[in-house]
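Heads up: numbering here begins at 1 and tracks the sequence. None of the values given here were measured: they were computed from a predicted structure.
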Amino acid sequence: MNIPFLDNWRKRQAERRESGLAGVFEDDPEGVGELLSECELLRSQAAVAGLTLDDSPASLQALDQLLPRWREDPELLPWLGNDAGLYLGTVITRSVPGARWHVWPGGHPVVRLASGRELQVVEAGLDWAVNGAPELTQIYAEAAEA
């Protein structure tokens, strides 16, 4: 049975499935931004240390001051670093004028500043979690200056 509109609909749905996070981001950038801002592991680890993450630049400074107990758990480290990067991106997009999330076609989230410069916040979060440097506040300060 040949139903042209159904064939067109199936083709669009297949393209959407193939596009992954980048395709969803195109359809609902605010929804994806909210999803990226959840950072549940980081928020729970911070809460255990007595810190409430309120998506403010001051909370980045408080994170930088925490003792890095997570470095003792190699399984936790990459997940926590990922969340730290997403949290950094959340703080930047909520407090730096013109900054917004952008998702590359492969599904990699970055923060795009008003100048067009892109910050790879996930990599920065991983570096922070593993090495303690660069500090999250330093990356935020560079983004705020741009």
Side-chain angles (χ1 to χ4, degrees), residues 7-146:
D7 291 338
N8 290 336
W9 180 84
R10 285 183 182 148
K11 185 190 297 184
R12 281 195 314 269
Q13 296 309 310
E15 289 171 0
R16 233 183 226 157
R17 279 192 299 272
E18 292 171 3
S19 64
L21 182 61
V24 173
F25 180 77
E26 285 181 24
D27 291 342
D28 186 12
E30 291 175 15
V32 171
E34 287 301 313
L35 178 66
L36 295 174
S37 72
E38 288 182 4
C39 314
E40 286 300 317
L41 179 60
L42 180 69
R43 290 180 191 277
S44 68
Q45 292 289 315
V48 168
L51 176 64
T52 301
L53 300 181
D54 61 1
D55 301 347
S56 71
S59 65
L60 294 174
Q61 186 173 14
L63 277 173
D64 285 337
Q65 301 303 314
L66 286 179
L67 289 174
R69 289 190 167 87
W70 57 82
R71 290 189 189 138
E72 298 166 5
D73 187 348
E75 289 183 21
L76 181 67
L77 201 56
W79 296 104
L80 191 70
N82 187 71
D83 270 14
L86 294 175
Y87 184 72
L88 171 63
T90 298
V91 172
I92 292 171
T93 58
R94 293 187 177 169
S95 60
V96 174
R100 64 187 192 289
W101 284 107
H102 178 73
V103 178
W104 289 347
H108 185 76
V110 296
V111 171
R112 184 174 285 167
L113 302 176
S115 65
R117 179 175 161 221
E118 291 183 344
L119 301 175
Q120 296 189 21
V121 291
V122 172
E123 285 78 4
L126 289 168
D127 288 344
W128 174 82
V130 172
N131 305 314
E135 291 185 336
L136 300 175
T137 52
Q138 177 186 353
I139 298 165
Y140 173 83
E142 291 171 7
E145 286 177 2

Identify the two heavy atoms, one from G89 and one from W101, that lie closest to each other, and give their separation to 0.1 Å. C-CZ2, 3.5 Å

Could you tell me whether E34 and R94 have a side-chain N and a carboxylate O separated by less than 4.0 Å? yes

Please round to the nearest 0.5 Å and tell me the distance separating atom CG of L113 and atom CD of E145. 11.5 Å

What residues, two or more places apart in sequence or in another chain, satisfy side chain to side chain donor-acceptor pair (under 3.5 Å) together with D54? S56

Does Q138 CD have over 12 foreign heavy atoms under 6.0 Å away? yes

Does any pair with a residue in residues 38-57 pass ring pair (Phe, Tyr, Trp, His ring centres under 6.0 Å), and if so which ones, sequence neighbours excluded? none

Exercise answer: donor-acceptor pairs, residues 119-136 side-chain atoms, under 3.5 Å, sequence neighbours excluded:
residue	atom	partner	partner atom	Å
E123	OE1	H108	NE2	3.3
E123	OE2	H108	NE2	3.3
W128	NE1	D64	OD1	2.9

For T90, which residues count as a side chain to side chain donor-acceptor pair (under 3.5 Å) partner, sequence neighbours excluded? none

Over 12 non-hydrogen atoms of neighbours within 6.0 angstrom of CZ in R69: no

Quick one: closest heavy-atom pair of A144 and V96, and the distance? CA-CG2, 4.0 Å

CG of L51 to CZ of R43: how many Å apart, nearest 0.5 Å? 10.5 Å

Grab the two heavy atoms, one from P57 and one from V91, that are nearest each other, plus how far apart they are. N-CG1, 3.7 Å

CD1 (I139) and CG (L60) are apart, to the nearest 0.5 Å, by 9.0 Å

List the atom pairs, donor and acceptor, that lie under 3.5 Å between side-chain atoms in residues 75-87 and the rest of the protein, sequence neighbours left out.
residue	atom	partner	partner atom	Å
D83	OD2	L41	N	3.0
D83	OD2	L42	N	3.1
Y87	OH	D55	N	2.8
Y87	OH	S59	OG	2.5

Can you find a pair of side-chain heavy atoms, one from L53 and one from L63, that are under 4.5 Å apart? yes

Taking CD in E26 as the centre, count heavy atoms belonging to other residues, nucleotides or ligands within less than 6.0 Å. Is the count above 12? no

Please report the interatomic distance CD(E118) to CZ(R112), rounded to the nearest 0.5 Å. 4.5 Å

For R71, give me all partners under side chain to side chain donor-acceptor pair (under 3.5 Å), at least two apart in sequence or on another chain. none

